[in-house]
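The next block holds one structure in the form of structure tokens; read it before the comments.
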There are 2 protein chains.
Amino acid sequence: MATRGRPRAFDRDHALRTAMLAFWARGYESVSTTELAGSMGISQSSLYAAFGDKQSLFREAVAYYGEHEGAIARRALTTSDTARQAVETMLRQSADRFTDRSLPSGCMVVLAATNATAGNAAVQEFASELRRRDEAALSARLARAVTEGELPGHADPGALAAYYHSVLYGLSIHARDGRDRPGLHAIVDLAMKVWPT
Amino acid sequence: MATRGRPRAFDRDHALRTAMLAFWARGYESVSTTELAGSMGISQSSLYAAFGDKQSLFREAVAYYGEHEGAIARRALTTSDTARQAVETMLRQSADRFTDRSLPSGCMVVLAATNATAGNAAVQEFASELRRRDEAALSARLARAVTEGELPGHADPGALAAYYHSVLYGLSIHARDGRDRPGLHAIVDLAMKVWPT
DNA sequence: TAATTTATGGACAGGTCACTACAGAAAGGA
DNA sequence: TCCTTTCTGTAGTGACCTGTCCATAAATTA
């Protein structure tokens, strides 16, 4: 089943990465499809033919972000030996990522869709849902740590997950405000003192 | 020197409050001046005559927010007997404010100007500067606590201020995501465990 | 070669954006 | 009473927005 019709003249994955970088740096509504097509080197028609509409493109761009940029921090949750190590690794690697000068600062899921007009409320809700999902994954990992005895029985996995995600969100804002890498790690140093014993 | 010319037919302060609520709820770029004038019950011309341009209106709206909504949490810094009490009061009152159902959730300074087009970068920088200023005030209060002996000499006021502000920023995102008041206070419970002894 | 399928760029619709020109209205001052 | 000052709404301005139409180009299939 070879592909019929005229073949696409641009690299779809590369275009997606361009969209991710733009949305990540400036947010969903501050990036126009006209501008995106321009920096992709293609026409509006090609963009719409390849990705549907702007919202679909954004969702794909966020998915791309999750696979390429967010994957490392997320994998810490499943590969670390202890829950404590998982949390600290997640925060440390986020601190490193958020201050990578070759990429936009902070986390795309936190910063790219914080506000929107009424017509784009779905985009906001989409990002919010992703944040909830990540937090639920952390909460589950902490709950496992309680049953395994790594965390004391009185520890509240839900509250701890919300707390560490709160710090994580804060790192994004701080990174956007220009705080440097050691500054973010100093915050993580303090945040880890909360770990129950 | 009585006021010359035709008197203004609307309440400037009330209009400013309307603008604050709109910008706070949906962000700078997602609120149009057309819509604002409409909900203020005045024409575009009246709005521009009273407030200048959109950026000036936003700055005034943020100042209004600072005086009416942010003042209580900020006053905790100067009126509390101890620095610890100051920090905890600031976080608790923010948690209460951020989940007040009669107002937009979260903090306007964190949420209303997180992203912007190139032409509105000044608005972003404005909000960023306000965050830095508040953090500097907290840092100064913590430094005082070190010299007064409330905090141990090895405590780092700058890092602590950055940490507590990180939690504060996180509370805004959590509030926007729908977390309820007890949920935010549970985060504050944990955050306060970092306090050096 | 002919038919089909898909991608392409250019031009353009229809809407909204921030902002303003203008003429008239409502006040104070002379 | 008339002038000056300021605010008022109407009706625009040009620029930009998302999304589409259309003729054409480039590939596979028959």
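Since the model is a prediction, treat every value here as computed from it, not as a measurement. First the proteins, then the strands, lettered A, B, ... as listed; each starts at 1.
- Between the CZ atom of A/Phe58 and the P atom of D/dT18 there is a distance of 13 Å, given to the nearest Å.
- With hydrogens and angles ignored, a donor-acceptor pair under 3.5 angstrom links the side chain of B/Ser45 to the base of D/dG9.
- Residue contacts shown for B/Ser32 are limited to sugar-phosphate atoms, with no base heavy atom under 4.0 Å away.
- Nearest-nucleotide mapping onto DNA chain D: of B/Gly5 and B/Gly41, the residue sitting toward the 5' end is B/Gly5.
- With DNA chain D read from its 5' end, the first of the two nearest nucleotides for A/Glu29 and B/Ala9 is the one closest to B/Ala9.
- When each of C/dC19, D/dG19, D/dT8 is scored by its nearest atom to the side-chain atoms of A/Tyr48, the top-ranked nucleotide is D/dG19.
- Relative to the side chain of A/Ala49, the nucleotides D/dT18, D/dG9, C/dT8 differ in distance, and C/dT8 lies closest.
- Taking only side-chain nitrogens and oxygens, B/Ser46 comes nearer than 4.0 Å to OP1 or OP2 of D/dT8.
- Atom CG of A/Leu111 and atom CZ of A/Phe98 lie 8.0 Å apart (nearest 0.5 Å).
- Minimum atom distance to the side chain of A/Arg6 is reached by C/dA7, of the listed C/dA7, D/dT8, C/dA18.
- Residue A/Thr34 places none of its side-chain N or O atoms closer than 4.0 Å to OP1 or OP2 of D/dC16.
- Note on A/Thr33: a side-chain N or O is less than 4.0 Å away from OP1 or OP2 of D/dT18.
- Using a 4.0 Å cut-off between charged nitrogen and carboxylate oxygen, A/Arg133 and A/Glu129 do not count as a salt-bridge pair.
- A/His165 and A/Tyr169 have their aromatic ring centers within a separation under 6.0 angstrom.
- Position along DNA chain C of the nearest nucleotide to A/Ala50 versus B/Asp53 favours A/Ala50 as the more 5'-ward residue.
- Contact between the side-chain N/O atoms of B/Arg8 and the OP1/OP2 oxygens of D/dC7 is found at a separation under 4.0 Å.
- Regarding A/Tyr28, its OH atom lies at a distance of 8 Å from the P atom of D/dT18, rounded to whole Å.
- The phosphate of D/dT6 (OP1 or OP2) has no side-chain N or O of B/Arg4 nearer than 4.0 angstrom.
- Ring geometry, B/Phe23 versus B/Phe58: the interplanar angle exceeds 60°, so the pair is classed perpendicular (tilted spans 30 to 60°).
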